[in-house]
Every structure is written in C-alpha cells, then in structure tokens.
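Report on the following structure.
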Amino acid sequence: MPDRAPQVDRQLPTEEARDLISLVRDIAQQEIVPKAAEEEDAGRFPRELFTLLSRSGLLGLPYDSEYGGGDQPYEVYLQVLEELAAARLTVGLGVSVHSLASYALAAYGTKEQQVEHLPAMLGGGMLGAYCLSEPHSGSDAAALRTRAVRDGDAWVITGTKAWITHGGIADFYTVMARTGEEGPRGITAFLVPGDAPGLSAAPPEKKMGMKGSPTAQVHFDGVRVLDDRRIGEEGQGLTIALTALESGRLGIAACAIGVAQAALDEALSYATERRQFGKPIADFQGLRFMLADMATQIEAGRALYLAAARLRDAGRPFARQAAMAKLHCTDTAMRVTTDAVQILGGYGYTADFPAERYMREAKVLQIVEGTNQIQRMVIARHLVGPEGR
C-alpha cells in the first residue's frame, strides 16, 4: 500500500466528524498499515489494536453516548469503517462485526440490560461476535437448529454456529437460538458471555484471505444463561437478527469501498512510477481508461452507501438501498482489485505488493452478511413483491 492514507474528498457534516476522520487516519498510518502485511501473512489477529480502538472511542461510534457510544450518525461511522478497511480489512470488518453484535442489545434490550452491559461492550475493551449462521443454515437463516430450552430462570443453549468472525476470541456473543416452533417465529436472541461454561470454538478456518481475522465454528454444549440475558421477546430473534443485518450490510459496503480505494491508490502509485517504452505506463490510454473506470465505480459505490446511511439517519426505510449498496460496493471491490493486479502485472501477483491481498480479501465481501445473490432477492422483493404471490 502507498505510504499515504487514501485522500478521499469526504463530505462530512460537522467539524467533530472531520476531526474524527483525522484521528482514524493517524491511527491507520501509525498503528495499522506498518504491520498489516506481516500480520495477515502470519494469521495474527491484532487484539491490542482493538483495545486501542476501544479506548479511542471507535468501537461504539453509532451508539448512544449515555452508554459509552459516540453519538455519530451512520453517515460518519461508515466513513470511519472505510478508512480502517483501506488500511487493513481485518480491522475494518472487525469493527463492523463488533457493531453488528452490539446492535441487538442497543436496539432491543431493556434499560436495565443496556445500563449493565453496553458501557463495557462499546468502550470497555470488549470484542463481540454475531452468531446466526450454522453449518446447515446460512442463507436460510430461519432453518437454524441451535436450541435454547427454558430451565427455571435460565436457558440452556445447545448447538453449533458456523462462520463466526471473532469465534473463539470474542468477549460476548449475540446468539440466535430456537426456543419454539420451527420456522422464523420460534427464534430468540441471547447475550452470551465469551467465558460461559460449555462454550468453545473449533480451530479457525483456513481462508483465502483475511487470515488475521479468526473465523470459526462456535459450539454451545449446554451453555446456561439467565433469562435476564434474553434480548427482546421470545420468538423475536429472527426479526432482531435481520434488522441488525440491514445496518451490517452498510458496514460491509463501506469496507468494500475501503479495500477498492486502497487498490486504486496502489495502482495509481505503480502506474505513475513504472516506465515502459520510455514513459510511465499511466500515459498509455488502455491503462488510463482502466484507472478512470476504477475511480468511477468507487465514487458511485461511496455515494450509494452514503445515500442509504442518510436514509437510516433520518429514520426512513433503507433496507432496499442497503442491499443495493452491499451488492454494488462488494462487486466493485472485486472488479477494482482484479484490475489493480492486472495493472501491476507480474508484480501484482506477488506478495511483495499488497494488490494480491486486496484481491483475495475482496472476494469474501461478496459472501458475508448475505451473499450477493441474496441481496438481489432482497432488492427484487422490494421492487415486485415476494416470490410465488
């Protein structure tokens, strides 16, 4: 990656937001970028960095300051995510997942639950994970099998969750478990401590990219949680989960644009320095057109996720626009990073340059928090109604 932060001309609503972006860029350049390639190659998760981010107020930005959050609109929070993801996707996506895991309690918890748990979750150094998917239920979330059985004033949770970011290292897990009938109405949400007896994690998956971000199955072997850790009403869990994902998709969209921006910056740096036939390769029309297309796709993606964020901040429906943003921005990241590798030629295919890492990382963004095929289904339902009417 070039020795400079991506100099994006950001439209920020307040001076406080501009100062926040400056802080994030300083942390990115001083603490994230210098170690990113080495730590990703070694598969090392930067837990100490997340402690720094928490102390700096960056893990609770979109939440209420009464509980340790930052009171920032999504329009600002997402641009912070973009900056972090441009420095290292493991960090940007990790912050997004933590925010996703905190959403259920922040939006559906009781006042007592929020007072007890949110300050530590948002600014106390804790790290969260979101547990919806299972080995046999990914896109079909309503088919989950993990079960919670009532036992006096507690619930006993048994089952396995899959593809869990921060699995095995999280301090808390927001878990969707079946408490009633089959189907979407029989699911309830729980806040489970990371050190609960009976909770364990499998070894992390060996992935194509994002090797520094642990993704693992999480096993619940009779994990007992008190009823005061149930979030929302019984049977409300899938609604909570899917509502959280509407906002989470915007986080993934912002991360995707961050990766794409980093790839464009790398391609621009290389194309202006690399000389062939007596001139910089950036002088050749074929490459100039590639760079122009890459920049245009990034700007369009950024405008799309920000438009969705502003709808959310205004309290208006934004689910369709969030799905569109997730779809467009992650497809853009895949195209832009692929083109960046092509512009660097043979060097782009080596680990000496970050372009190949960006390309490997971009792929997962088309899959997580609802595949892009699912996003197309969501968009179509908003346009023409549900299937099989």
Side-chain angles (χ1 to χ4, degrees), residues 1 3-34 36 46 48-103 106 118-128 247-262 265 298-299 301-315 318 325 329:
M1 184 175 180
D3 294 332
R4 52 186 168 82
Q7 296 303 305
V8 179
D9 182 18
R10 299 202 177 278
Q11 305 300 309
L12 296 163
T14 64
E15 188 64 35
E16 179 186 14
R18 286 187 281 275
D19 291 342
L20 177 61
I21 291 295
S22 294
L23 169 65
V24 172
R25 286 180 171 173
D26 286 344
I27 291 174
Q29 291 307 302
Q30 294 171 21
E31 304 293 338
I32 303 176
V33 172
E48 69 287 348
L49 175 63
F50 278 82
T51 301
L52 171 63
L53 295 178
S54 182
R55 288 202 306 264
S56 303
L58 299 181
L59 291 191
L61 285 175
Y63 295 114
D64 195 329
S65 60
E66 179 182 357
Y67 306 113
D71 278 334
Q72 291 298 314
Y74 247 63
E75 173 187 3
V76 173
Y77 159 67
L78 293 179
Q79 294 188 74
V80 169
L81 282 188
E82 184 189 329
E83 293 280 342
L84 292 173
R88 184 180 177 188
L89 182 57
T90 284
V91 177
L93 188 134
V95 173
S96 181
V97 167
H98 176 82
S99 182
L100 176 69
S102 302
Y103 175 88
L118 275 179
M121 292 163 62
L122 300 182
M126 298 183 79
L127 186 67
S247 298
R249 285 166 182 158
L250 291 180
I252 299 302
C255 286
I257 292 302
V259 173
Q261 183 69 55
D265 290 347
I298 291 169
E299 288 286 350
R302 184 176 293 119
L304 187 56
Y305 86 62
L306 285 174
R310 288 167 185 144
L311 286 175
R312 186 191 190 281
D313 290 335
F318 68 98
C329 293

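Checking Arg302 against Gln261 by side-chain atom types alone, a donor-acceptor pair falls below 3.5 Å. At a cut-off of 3.5 Å, with distance as the only test, no side-chain donor of Tyr63 or Gln72 sits close to an acceptor on the other residue.
Checked against Arg25 for a side-chain contact (heavy atoms from CB on, under 4.5 Å), the options Ile27, Leu23, Ile21 give a single hit: Ile21. Only one option out of Arg310, Gln11, Arg312 pairs with Glu75 in a side chain to side chain donor-acceptor pair (under 3.5 Å); it is Arg310.
Rounding to the nearest 0.5 angstrom, the gap separating the CG atom in Asp26 from the OG atom in Ser56 is 10.5 Å. Once rounded to the nearest 0.5 Å, the distance linking CG of Leu58 with CD of Glu83 reads 11.5 Å. The CG atom of Leu84 sits 12.0 Å away from the OG1 atom of Thr90 when rounded to the nearest 0.5 Å. In this structure, Ile257 CD1 and Gln79 CD are separated by 11.5 Å, a value rounded to the nearest 0.5 Å. With rounding to the nearest 0.5 angstrom, the CZ atom of Phe318 is 9.0 Å from the CG atom of Leu311. Note that OG of Ser54 is 11.5 Å distant from CE of Met121, once rounded to the nearest 0.5 Å.
Panel note: side chain Asp64, backbone Asp71; no donor-acceptor pair is recorded below 3.5 Å. Checking side-chain atoms of His98 against main-chain N and O of Leu122 turns up no donor-acceptor pair under 3.5 Å. Panel note: side chain Ser96, backbone Gly92; no donor-acceptor pair is recorded below 3.5 Å.
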Derivation and outcome, side chain to side chain contact (heavy atoms under 4.5 Å, CB included), residues Glu82 and Cys255: CA-CA 5 Å; Glu82 184 189 329; Cys255 286; over 6 Å; no
Show, in sequence, the C-alpha distance, side-chain angles and deciding distance for Val95 and Phe50, and conclude whether the side chain to side chain contact (heavy atoms under 4.5 Å, CB included) test is met. CA-CA 8 Å; Val95 173; Phe50 278 82; 4.0 Å; yes
Just do the side chain to side chain contact (heavy atoms under 4.5 Å, CB included) check on Thr14 and Val76 with the steps written out, would you? CA-CA 9 Å; Thr14 64; Val76 173; 5.7 Å; no
Could you go through Leu93 and Ile252, starting from their C-alpha distance and side-chain angles, then the distance that decides it, and tell me whether this counts as side chain to side chain contact (heavy atoms under 4.5 Å, CB included)? CA-CA 7 Å; Leu93 188 134; Ile252 299 302; 3.8 Å; yes
Just do the salt bridge (Lys or Arg N to Asp or Glu O under 4.0 Å) check on Arg88 and Glu31 with the steps written out, would you? CA-CA 11 Å; Arg88 184 180 177 188; Glu31 304 293 338; over 6 Å; no
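Leu81 approaches Gly251 most closely through the heavy-atom pair CD1-CA, 3.6 Å. Closest of all the heavy-atom pairs between Val259 and Ala85 is CG2-O, 4.1 Å. In this structure, Ala254 and Tyr305 approach most closely via the heavy-atom pair CA-CE2, 3.8 Å. Nearest heavy-atom pair across Cys329 and Gly301 is SG-O, 3.3 Å.
Contact annotation: the side chain of Tyr74 never approaches that of Leu306 to less than 4.5 Å [non-hydrogen atoms, C-beta and beyond]. The side-chain heavy atoms of Pro73 and Pro62, taken from C-beta on, include no pair separated by under 4.5 Å. Proximity of Leu53 to Val91: side-chain heavy atoms (C-beta onward) are separated by under 4.5 Å at one or more points.
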